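Since the structure comes first, as structure tokens, the remarks are kept for the end.
Worth knowing before you read on, the calculation uses all heavy atoms, side chains too, and leaves out hydrogens, waters and symmetry mates. Since we're looking at a predicted model, the values are computed, not measured.
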Amino acid sequence: QVRLVESGGGSVQAGGSLRLSCAASGMTYDNYCMGWFRQAPGKEREGVAFIDSDGTTTYADSVKGRLTIAQDGAKNTLSLQMNSLQPEDTGMYYCAAAETRVVSWRLSCQHEANYWGQGTQVTVSP
């Protein structure tokens with residue numbers, strides 16, 4: 001059973017930094033992807049940053065250059081370093097993942113994530 005547990009959210013002023021972590025357990029296959037989504041009040045959930053099992057990273061245009069996704073210990077810990085935070089970054093941040101036994105399949109966490117954490121709140125004040 002896959003379990004994802006986020007930590008590290010909080011409140012900061014604009015321009016500040018936060019680091020989110022996601023502890024992952026139970027993932028089985030070597031072909032996987034992990035990432036972060038966020039959802040602001042009254043808005044749809046959006047993908048923020050993703051990393052594949054080969055280390056390829058992708059970012060939403062709105063966060064490029066400010067947020068950095070990384071993995072420690074293979075797929076056990078996922079982090080999101082957030083710098084130069086702005087009020088529009090406020091929202092609930094969710095860790096997500098997907099995996100497959102099909103080696104040749106190129107997973108897209110943006111569309112195929114099926115494991116989710118409970119979320120951690122990030123609030124950025126002006």
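- V103 is not listed as a side-chain neighbour of Y29, based on a closest heavy-atom distance of 4.5 Å or more.
- N76 CG to M27 CE: the interatomic distance, rounded to the nearest 0.5 Å, is 9.5 Å.
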- Query: Yes or no on side chain to side chain contact (heavy atoms under 4.5 Å, CB included) for T58 and Q110, after CA distance, side-chain angles and deciding distance?
  - Reply: CA-CA 10 Å; T58 56; Q110 177 79 34; over 6 Å; no
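- At least one side-chain heavy atom of T90 sits less than 4.5 Å from a side-chain heavy atom of Q121.
- A60 and G47 get closest at one heavy-atom pair: CB-O, 3.5 Å.
- Looking at heavy atoms from C-beta onward, L4 lies out of side-chain contact with Y94 at the 4.5 angstrom threshold.
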Identify each donor-acceptor pair in which a side-chain atom of residues 16-23 lies under 3.5 Å from a protein atom, sequence neighbours left out, and give them as a table.
unit_1: S17; atom_1: OG; unit_2: N83; atom_2: OD1; d: 2.9
unit_1: R19; atom_1: NH1; unit_2: Q81; atom_2: OE1; d: 3.3
unit_1: R19; atom_1: NH2; unit_2: S79; atom_2: OG; d: 3.4

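- Of all the heavy atoms in M34 and A24, the pair that sits closest is CE-CB, 3.8 Å.
- Inter-residue side-chain proximity for W36 and M82 is flagged as unmet; no heavy-atom pair is nearer than 4.5 Å.
- Taking the side chain as every heavy atom from C-beta outward, R106 and D52 approach each other to under 4.5 Å.
- The nearest pair of heavy atoms linking C33 to S108 is SG-C, 4.1 Å.
- Annotation: side chain of D89 is in contact with side chain of R66 (closest heavy-atom distance under 4.5 Å).
- Inter-residue side-chain proximity for C95 and W116 is flagged as unmet; no heavy-atom pair is nearer than 4.5 Å.
- Contact record, P87 with S125: CG-C, 4.4 Å, taken as the closest heavy-atom pair.
- Following chains of ILVMFWY side-chain contacts shorter than 4.5 Å, one can reach L85 starting from V63, so the two form part of one hydrophobic cluster.
- The structure places CD of Q86 at 11.5 Å from OG of S62, a figure rounded to the nearest 0.5 Å.
- Scanning all heavy atoms of the two residues, the minimum distance from W105 to N31 falls at O-ND2, 2.8 Å.
- Atom CE of M92 is separated from atom OG1 of T123 by 8.5 Å, given to the nearest 0.5 angstrom.
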- Message: Evaluate F50 against F37 for ring-ring contact (aromatic ring centres under 6.0 Å, His included), listing each step before the verdict.
- Response: CA-CA 9 Å; F50 303 97; F37 289 79; 5.2 Å; yes
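- We find the OG1-CD1 distance between T56 and I51 to be 8.0 Å, quoted to the nearest 0.5 Å.
- For E46 (side chain) and E44 (main-chain N/O), no donor-acceptor pair under 3.5 Å exists by modelled atom type.
- Of the possible donor and acceptor atoms, none in the side chain of Q118 sits under 3.5 Å from a partner among the backbone N and O of E6.
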